[in-house]
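Input: one structure, supplied below.
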Amino acid sequence: MKESGLACSEPKLPRADSGGKVERTHWPAPEDRDETKYSTIRRLSLFDRRPGAASGMTGITLLGSTGSIGVSTLDVVARHGERFHIVALTANRDAEGMAAQCRRHRPEYAVMADPTAARELGRRLSDMSRSPEVLAGTEALAFVAALPQVDCVMAAIVGAAGLLPTLAAARAGKRLLLANKEALVVAGSLLMQAVVDNGARILPIDSEHNAVFQCLPRGFSDGRGIESLGVERILLTASGGPFRDTPLEGLAKVTPEEACAHPNWDMGRKISVDSATMMNKGLELIEACWLFGTHPGRVRILVHPQSVIHSLVQYRDGSVLAQLGNPDMRTPIAHALAWPERMDSGVDALDLLAIRKLDFHPAEPGRFPCLDLAYGAAAQGGTCPIILNAANEVAVDAFLNRRIGFMDIPTVVGETLQQLPREGVEGWEVEQLLEADRQARRVAEQNLTGCVA
Ligand code: NDP
């Protein structure tokens, strides 16, 4: 276990009663960054084969514990109390949910990104014996991601807000269970290099990427990249979301409730809308390029309505390996927590006789403009994925708050991409990436005004 440079250099953490103000965190610059797009891994193993727990219990920081992935993670962890210990839980505003989790899982730290919510959490836990230390603000998220007693960090904050603590975990050399795909979309090169430079490990949580990881040969862990392992193509499956068969003219009128009613998966609201527009698959395309050191041309999207095959790897010799399972995120979570071992996840065994039939289709052209935008941004690289992601976060939030219609989402994202120039991001520090993110949000906000819900 490594000492955290971040934890040492950031002693002034805000407590719940401090109003959330802290001094700016110093982010050490990674050295010797490889600028090759989507392929930064040459020297160290990303998907290292060492068992997670060195000895005794594995200490976990769970970023985004009150969300869908967070709750599923706590469910899996609770089944293996002898093996895992929750060091820190974090959320944004849900003080009630966090208080209940603290009573049940007894972490050492509870962090609320929102200072008001942190004060409320402190009040809610005031009667608890040995209550956790309550902290507030974004620097506190990074602090608990880098604590020396933490072996494993589940990165399950939604959106680019998860970038800084995810990066802090990588820089502290943690085993990083990555659900927060937006962090890779915004800062793929920086994050992957931080993993390599600091001996951290990424285990993918997104079911598709976890499936690909399970289908890759063990040789992948030496960082040679998938082409050198005989991989021809990655096939990412997509359910097609709730509107796969909705007539195109009906899409403009769909409501947030309809968009969030995914046919197979129970997820947070943002990723549910992303699944409905298939922007989620576009973000996953970029995520796959970074995780597996490949380029968009080697990644295909396959619509598979049953969500039983979670993804496939096609090899040069004609073999295609797939990972199958019931659509329940506890499977990839348990896989990553236990890896390279296997442990019970609470998920029922797959009953292929009950399923009987698996279907596959190409993504219908014109139905999912967000997917086309994502392919374009992935191919262009530079700031384009940052702009894509930021504009999408703004547009999805506006849709969920009924400010714009469903089909305005690709319009806002497309306009924002057109209005901002592509810049190369080689050598950029995190603050420059975040400034590009903020700029794209400002432009996307302006583009909302032309849309009416
Ligand atoms: P949810 O919306 O359910 O949960 C998000 C979590 O992040 C909550 O704990 C929330 O706290 C916290 N959070 C939100 N905003 C901030 C912020 N600004 N600062 C700090 N914390 C914040 O999301 P999901 O669990 O569905 O998704 C999490 C990530 O995992 C996403 O990147 C998603 O793409 C990815 N993922 C999710 C899957 C799923 O099945 N849900 C599958 C594959 C990937 P609060 O509750 O207080 O708002």
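Each ligand, and each atom within it, is numbered from 1 in the order the structure gives. As a basis for the values below, the full set of heavy atoms in this structure was taken, side chains included, without hydrogen atoms, waters or symmetry mates.
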Backbone or side chain, does any N or O of Asn280 fall under 3.5 Å from an N or O of ligand 1?
-> no

the protein heavy atom lying closest to atom 35 (C) of ligand 1 turns out to be Ala179 O, 3.1 Å

For the residue pair His310 and Trp265, is the inter-centroid distance of their aromatic rings smaller than 6.0 Å?
-> yes

Can you establish whether the number of heavy atoms outside Glu364 located under 6.0 Å from its atom CD is more than 12?
-> yes

Looking only at non-hydrogen atoms, which of Val158, Leu63, Leu283 approaches atom 5 (C) of ligand 1 most closely?
-> Val158

Met329, portion touching ligand 1 at heavy-atom distance under 4.0 Å = side chain

Heavy-atom distances under 4.0 Å are what count here, so tell me which part of Ser68 touches ligand 1: side chain, backbone, both or neither.
-> both

So, does Gln306 use its side chain to make a donor-acceptor pair with the main chain of Asp359 at under 3.5 Å?
-> yes

Is there any N or O on Met112 that sits under 3.5 Å from an N or O of ligand 1?
-> no

Please write down residue, atom name and distance for the protein heavy atom closest to atom 45 (P) of ligand 1.
-> Thr66 OG1, 3.4 Å

Could you tell me whether Asp206 and ligand 1 have an N or O pair separated by under 3.5 Å?
-> no

Minimum-distance protein heavy atom relative to atom 34 (O) of ligand 1 | Lys181 CE, 3.1 Å

Which atoms of ligand 1 sit under 4.0 Å from any heavy atom of Ser65?
-> 9 (O)

Between Glu208 and Lys281, is the closest basic N to carboxylate O distance under 4.0 Å?
-> yes

Under a 4.0 Å heavy-atom limit, does Glu182 contact ligand 1 with its side chain, its backbone, both, or neither?
-> side chain

Asn92 N/O under 3.5 Å from ligand 1 N/O = yes

Strictly under 4.0 Å, does any heavy atom of Lys270 approach an atom of ligand 1?
-> no

Write out the residue and atom name of the closest protein heavy atom to atom 29 (C) of ligand 1, then the distance separating them to 0.1 Å.
-> Ile157 O, 3.7 Å

Would you mind checking which non-hydrogen protein atom is closest to atom 26 (O) of ligand 1, with the distance to 0.1 Å?
-> Gly268 N, 2.9 Å

Taking all atoms of both residues into account, what is the closest heavy-atom pair of Ala145 and Pro165, and its distance?
-> CB-O, 3.4 Å

Shortest non-hydrogen contact between Pro305 and Asn264, atoms and distance = O-ND2, 2.7 Å

of all protein heavy atoms, closest to atom 33 (C) of ligand 1 is Ile271 CD1, 3.9 Å

Is the shortest side-chain N to carboxylate O distance from Arg403 to Glu445 below 4.0 Å?
-> yes

Counting from 1, what ligand 1 atoms have a heavy atom of Ala161 closer than 4.0 Å?
-> 17 (C), 18 (N)

Close-contact set for ligand 1 against Arg93 heavy atoms, below 4.0 Å | 45 (P), 47 (O)

Kindly give the heavy-atom pair with the smallest separation between Leu420 and Ala440, and that separation in Å.
-> CD1-CA, 3.6 Å

With no hydrogens and no angle check, do the side chains of Asn198 and Lys174 hold a donor and an acceptor under 3.5 Å apart?
-> no

Please confirm whether the backbone N or O of Ala377 pairs with a side-chain atom of Gln380, one donor and one acceptor, at under 3.5 Å?
-> no

Could you pull out, from Gly70, Ala156, Ala183, the option with a heavy atom nearest to atom 6 (C) of ligand 1?
-> Ala156

List the closest protein heavy-atom neighbour of atom 4 (O) of ligand 1: residue, atom name, distance to the nearest 0.1 Å.
-> Gly67 CA, 3.1 Å

Pull out every atom of ligand 1 sitting under 4.0 Å from any heavy atom of Ala113, numbered as shown with elements.
-> 19 (N), 20 (C)

No-hydrogen, no-angle side-chain donor-acceptor test under 3.5 Å, His85 and Gln149 = no

Looking at the rings of Phe292 and Phe213, which for Trp means the six-membered one, are their centres under 6.0 Å apart?
-> no

Does a salt bridge link Glu284 with Arg300, judged by any charged N lying under 4.0 Å from a carboxylate O?
-> no

Closest protein heavy atom (residue, atom, distance) for atom 27 (O) of ligand 1 = Ile69 CG1, 4.3 Å

Which ligand 1 atoms are under 4.0 Å away from a heavy-atom of Asn180?
-> 32 (O)

Look at the rings of His304 and Phe360 and say which category their plane angle falls in: under 30° parallel, 30 to 60° tilted, over 60° perpendicular.
-> parallel

